[in-house]
Amino acid sequence: MTHTSFIEISESAIKKNISFIKTHLGDEITFSSVVKGNAYGHGIKTYCNLAYKYGVRHFSVSDANEAYELKKHLQEKDVSIMVMGMIHNSQLDWAIENNVEFYVFEIDRLQAAVKAAKKLNIPAKIHIEIETGMNRTGFELKNLTTIIAYIEANKNHIIVKGVCSHLAGAESISNYKRITDQQKKFRKAIKKIDQYDFLNPDFHLASSAASVRYPKTRFDLVRIGILQFGFFPTKEILVHYLNKHKIYESPLQRVLSWKTQVMDVKTVKAGQFIGYGTSFFTNEETKIAIIPVGYSSGYSRSLSNRGKVIIRGKRHNIIGTVNMNMLAVDVTNADVIEKGDEVVLIGSQEESEITVSSFNDSIQIINYELLTKLPDNLPRIITQ
Ligand SMILES: *Cc1c(COP(=O)(O)O)cnc(C)c1O
């Protein structure tokens with residue numbers, strides 16, 4: 001079937017970004033590629049196979065279902081997969097049998113992991129998450145002694161692959177105090193863990209923002225999501241990077257473009273409303289192009305009367321409301337626009353470009369959210 005729109009994934013951009021990240025981290029630190037949210041909307045199958053091709057061997061996902069999807073599409077034996085969030089106790093058998101590592105942040109999961117590992121006679125590979133101030137998930141420092149004692153008593157069934165935590169907003173300097181306090185707590189945990197010879201975990205704390213802004217938080221492994229796809233987490237982190245390296249342009253390249261075609265073109269007389277309701281009124285005769293994409297495909301309704309698309313190399317305004325499956329664009333000033341013309345929703349064409357972050361300025365949603373709203377069922381096409 002031909003879809004109403006499709007996503008292009010640039011292989012050369014992936015290659016470039018991965019190479020940048022690896023150089024940035026050096027050889028001593030493991031780069032874990034975070035591919036939750038369908039690889040930030042890029043498509044887990046398409047993205048992860050290309051990431052593998054360019055040398056990524058460690059992936060992080062949010063839950064067991066994502067780990068399952070990843071395993072289904074990337075079957076190479078030398079890949080490590082780490083689940084950072086939800087896994088039901090009933091999924092632990094599957095994870096252990098399939099060599100999938102997972103976070104443990106509460107005693108029930110730890111006990112269930114031991115039980116499953118005993119039954120299967122395969123050790124569970126876990127990452128102990130420490131609560132350092134995010135106040136989401138993680139063991140309190142004061143309980144660490146008890147937890148370690150329990151693990152030691154069951155050390156034939158548990159391999160502690162990692163000890164980790166997550167920073168609550170390293171992408172903004174306004175959180176500086178909180179982030180520094182978290183680092184202090186994490187170092188305390190490291191000190192504690194280092195007292196036990198039977199434990200030799202990888203310590204990990206940083207995601208994209210911290211790996212750029214706070215290099216000391218890199219430890220043995222970093223969990224990098226957004227950078228791989230060509231975005232700095234925030235403008236602030238980008239500016240920090242550029243200043244530090246005395247350069248003017250982001251070293252990263254956007255991986256994703258989103259494209260469709262003009263579905264119909266028509267001329268509307270002056271004095272009419274376009275589409276539902278009364279949000280756009282034609283003060284003069286207006287030529288419109290109808291585009292077969294709407295909020296059901298992840299094109300936010302808040303871009304009504306605000307968003308722009310590119311057709312024949314020029315940017316055109318969206319007029320009226322974004323419907324579930326359609327939107328209208330004002331092409332009055334274009335020379336020729338025909339049914340079937342390529343429409344760029346995100347990406348570039350000739351001299352014009354529309355970036356994900358240009359939407360953010362107008363509607364205040366962040367890159368992460370817009371990307372992950374791109375539906376799984378849109379085709380992902382690999383381009384150069
Ligand atoms: C999403 C996530 C990351 C990656 O974050 P980026 O800002 O995209 O690099 C790292 N660690 C955890 C626990 C996450 O949930």
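It should be emphasised that the depicted structure is a prediction, and the values quoted were computed from it without experimental measurement. Each ligand, and each atom within it, is numbered from 1 in the order the structure gives.
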Requested in this report: Give me the ring orientation class for Y176 and Y214: parallel if the planes are under 30° apart, tilted from 30 to 60°, perpendicular past 60°.
Outcome: tilted
Query - Among E129, H166, E106, side-chain hydrogen bond (donor to acceptor under 3.5 Å, both in side chains) partner for T137 - result: E129
[atom] [closest protein heavy-atom partner, distance rounded to 0.1 Å]:
atom                    : value
atom 9 (O) of ligand 1  : S208 OG, 2.5 Å
atom 11 (N) of ligand 1 : R223 NE, 2.8 Å
atom 12 (C) of ligand 1 : H166 CE1, 3.4 Å
atom 7 (O) of ligand 1  : Y368 OH, 2.8 Å

Query raised in the report: Is any side-chain N of the basic residue among K119 and D93 closer than 4.0 Å to the acidic one's carboxylate O?
Result: yes
Requested in this report: For K36, counting its heavy atoms only, list the atoms of ligand 1 lying under 4.0 Å from any of them.
Outcome: 1 (C), 2 (C), 3 (C), 14 (C), 15 (O)
Query raised in the report: Distance under 6.0 Å and angle within 45° of the ring axis: does R57 meet both against Y52?
Result: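 Yes, cation above the ring, under 6.0 Å and within 45°.
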Polar contacts were defined as any N/O atom of the residue lying under 3.5 Å from an N/O atom of the ligand; does this apply to [X] and ligand 1?
X    : value
M84  : no
I226 : yes
Y40  : yes

Requested in this report: Indicate yes or no for a side-chain donor-acceptor contact from S304 to the backbone of V322 under 3.5 Å, with no hydrogens or angles considered.
Outcome: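 Yes, because the side chain of S304 sits within donor-acceptor range (under 3.5 Å) of the backbone of V322.
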Query - Ring centres under 6.0 angstrom apart (H127, F102) - result: no
